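All values reported here derive from a predicted model rather than from experimental measurement. Letters A, B, ... are given to chains in the order of the sequence lines, protein chains preceding strands, and every chain is numbered from 1.
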Amino acid sequence: MTSAEPASAPSPYSDAAQRDVANHLGMWTLIATEILFFGGLFLAYCVYRGAYPAAFSAGSHRLDFWSGTVNTAVLLTSSLFMALGDAMIRVGRRRGLQVCVTLTAGLGVLFLAIKFSEYREMYAEHLVPGIRYGAAGPPQMQLFLFLYFVMTALHAVHMLVGIGLLGWLLTLNRRGRLSRDRRAPVSMVGLYWHFVDCVWVFLYPLLYLIPR
Amino acid sequence: MPPLNPPAPPSRGYLSDGTTVASWLCTRDHKRIALLYLFTITFFFLIGASAAALMRWELTRPNGDLMTSDTYNRLFTLHGVVMVWFFLIPSIPAVLGNFVLPLAIGARDVAFPRLNLASWYIFVCGGLIALYAIVVGGVDTGWTFYTPYSSTYSNSNVMVMATGIFVAGFSSIATGLNFIVTVHKLRAPGLTWFRLPLFVWAIYATSIILVLATPVLAITLALMALERGFGVGIFDPKLGGDPLLFQHLFWFYSHPAVYIMILPGMGVVSELVSCFSRKKIFGYKVMAFSILSIAGLGFLVWGHHMFVSSQSVYAGVVFSLLSFLVSVPSAIKVFNWIATLHRGSITFGTPLLYALGFLALFTIGGLTGIFLATLAVDVHLHDTYFVIAHFHYIMVGGGVMAYMGGIHYWWPKISGRMFPEGWARFSAVTIFVGFNLTFFPQFLLGYLGMPRRYHIYPAEFQTLNVISSAGAAVLAVGYLVPLCYLTWSFFHGKDAGPNPWNATGLEWQTPSPPPSHNFEQTPVVTRPPYDYPPL
């Protein structure tokens, strides 16, 4: 290995393959950070659900079961298209990638739209702790609803970032910068998107499926 | 007689590649980013130190007549917040780690140079927000932001300060992520894991902590701020929430954060001790594994901050035992440093003076940590000056001594110039004396029962407090002198040459200051680390 590169174009890598593995490790490290970021909320949820099972069940009753369920289906389907997009670019089908990523992003937007309408309904029903709250029920129900809003809103922020990244992929692909040999960005964004999905896979049962 | 044709001034490597402000503010060179961090954290150090000076001044008299209690509360919060998040945590990783790590592994830069620059900007943003919080009146919660005081009752700028820390946290995460990938993927050919210098091992372990602990702090502060903003939250006892949960989450970050401050120091000291005794480090692999085990154990001991918080006594016993366990790898390291010095060919250069200071002070700090980890003893010592003295022996006696030693050791590499050795030795000794004078009396004060965070105290504590304040003045001199001579030597010091200490390590195989791309030829490593010729 030699350092043939001039000082004006510093790149820490000796070739593209080395850069790709580094990027992958970077994304996995970021995901590790993210898990701990959500981890504090999951811990708080577990502690209080253990302490106040009845109040949490009552809070879960106030959520719209079907919105959550439909959203789970929407998000899992989006992940399917993300994985298909990755498979497409592996065999060099750039049009196929474009279609798959567009569908992924579209389903992501649909998810956020459903989430937003859910928030709006809860606002109308006075179920937003700290902003508009007037529900009858045990005081600890507010803990559940507070956690519901913080966890789903944090998840939604990650969805927004993911949709932005998908848009970036679409631009790259339109400019012909992705191909069978240059597909690292697709698997990177895919990793992130699947991670955000995984968070929801945990949120859905914890928030919506508490035994009635 | 001066030569007729004076030789061309030696190239100043990366320093002379662009001299405009933009060339610094838009740089992606890890060495320049390290210097940007150096300036920034030195600025914050001066702010934090000024707060400490005011507190020590106030404490020379028992009746608290210099300032109100409220001002005093804001001062110790300022001191804690600034020193922990804006000086100590970035100190060795972001300055020395950024500068030395890529050089030490034979890389051209860190893995993500743009992210590296972004991390500095994020840090500066966080710092400016924190400064704003200070300027508009400060915060009175203490650096720990315990709920429900911080979330409900405090009338100070908690939100702004928490935002500043939250933002700065992302800079830590970016730096940690960068270093992890750099160490994994950019090592020079032949540089296997067990040929890495211990400094690299230490920075690597620190980065893992940065990446895994910092996000927990971020979410905890966010939850506290939400509770403050909306008047409802999960730490609120009115709703059945538990303020103690905040402490658990906070210390889950903040105990590992102590290791963020000390582990890199251990790495630096390993380099210094080995180089200045001209010997291979004793027990290299054990040293590497003990760094990793300290990092791992650090995640399991947070409960020792909460022995008197109504945490269950069984949890207390477990946390106490786990805390004792940390002392095993720590002691192994101390013994191995001493074994390295044993029968070495020792030169008492300035960096070694700092390393020896580290050894002495870290040992005292570590041993008093065992007092505090002992459940029953901690009930007596909790929240007294004993705790203050203990963690200053670790963070300042350990962390800052190692940082100063590292700055002196790598200064010829950073600036290409030598510092004046006489002044440097003088200030190293001054810092050691001043430090002990400041903090040793605090062990006694704490043992006698003086609580922390009060500025009015019984008159019988005055003598020890005056000694402590006098020590702080000596310490201030010790810190100001290097600031002057290092700045002077940056421009006027005598030329250092590539390897003034005759040290092993790849960073010494390139000119000082290194060229922007670090190495003319990517080095190939064929030998173990610290391969000094036999004595």
Side-chain angles (χ1 to χ4, degrees), chain A residues 1-14 17-45 47-48 51-52 55-56 128-133 138-147 149-151 153-154, chain B residues 14 17 28-30 102 107-113 115 173 176-178 180-182 184-186 188-189 207-208 210-220 222-223 226-227 229-236 238-242 245 248-249 252-253 515-522 524:
Chain A
M1 244 194 278
T2 54
S3 66
E5 222 149 340
S8 53
S11 157
Y13 303 109
S14 46
Q18 192 192 20
R19 189 192 59 215
D20 287 350
V21 288
N23 284 342
H24 257 93
L25 181 61
M27 183 51 85
W28 279 109
T29 314
L30 178 75
I31 288 174
T33 290
E34 292 277 17
I35 290 172
L36 270 293
F37 195 54
F38 280 97
L41 292 169
F42 279 105
L43 175 80
Y45 177 93
V47 170
Y48 292 136
Y52 313 115
F56 268 49
V128 190
I131 294 175
R132 196 162 190 240
Y133 191 81
Q140 293 90 351
M141 205 170 92
Q142 278 199 66
L143 289 181
F144 173 84
L145 290 169
F146 179 82
L147 280 169
F149 276 104
V150 175
M151 290 168 111
L154 190 63
Chain B
Y14 75 100
D17 273 0
R28 280 186 249 156
D29 184 343
H30 65 101
R108 260 167 281 176
D109 206 323
V110 292
F112 308 114
L115 180 67
I173 292 173
L177 190 152
N178 226 329
I180 289 176
V181 178
T182 307
H184 271 276
K185 300 296 177 197
L186 294 182
S207 303
I208 292 178
L210 282 170
V211 162
L212 295 183
T214 316
V216 179
L217 174 76
I219 197 69
T220 309
L223 285 168
L226 282 173
E227 181 160 339
F230 293 105
V232 57
I234 60 165
F235 306 124
D236 184 356
K238 284 198 297 290
L239 304 178
D242 190 346
L245 181 63
H248 280 290
L249 289 169
F252 181 84
Y253 161 80
S516 291
H517 49 283
N518 289 354
F519 296 96
E520 294 303 335
Q521 199 84 49
T522 301
V524 176

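The structure places CG of A:Leu30 at 9.5 Å from CG of B:Leu115, a figure rounded to the nearest 0.5 Å. We find the CG-CZ distance between A:Asn23 and B:Phe112 to be 5.0 Å, quoted to the nearest 0.5 Å. Expressed to the nearest 0.5 Å, how far OG of A:Ser11 lies from CZ of B:Arg28 amounts to 9.5 Å. Note: B:Ile180 CD1 to A:Thr33 OG1 = 7.5 Å, rounded to the nearest 0.5 Å. Once rounded to the nearest 0.5 Å, the distance linking CG of B:Asp236 with CG of A:Leu143 reads 8.0 Å. For the atom pair CD of A:Gln142 and NZ of B:Lys238, the computed distance is 10.0 Å after rounding to the nearest 0.5 Å.
Here the side chains of B:Leu226 and A:Phe146 are in contact, with some heavy-atom distance below 4.5 Å.
Put simply, the side chain of A:Gln18 gets close to the backbone of B:Lys185: a donor and an acceptor are under 3.5 Å apart. Side-chain atoms of A:Tyr48 come within 3.5 Å of backbone N or O of B:Ile234 as a donor-acceptor pair. A:Thr29 places no side-chain N or O within donor-acceptor distance of the main-chain N or O of B:Leu177, the cut-off being under 3.5 Å.
A:Ile35 does not touch chain B: none of its heavy atoms, backbone or side chain, sits under 4.5 Å away. In this structure, chain B has a heavy atom under 4.5 Å from the side chain of A:Val150, while its backbone stays farther away.
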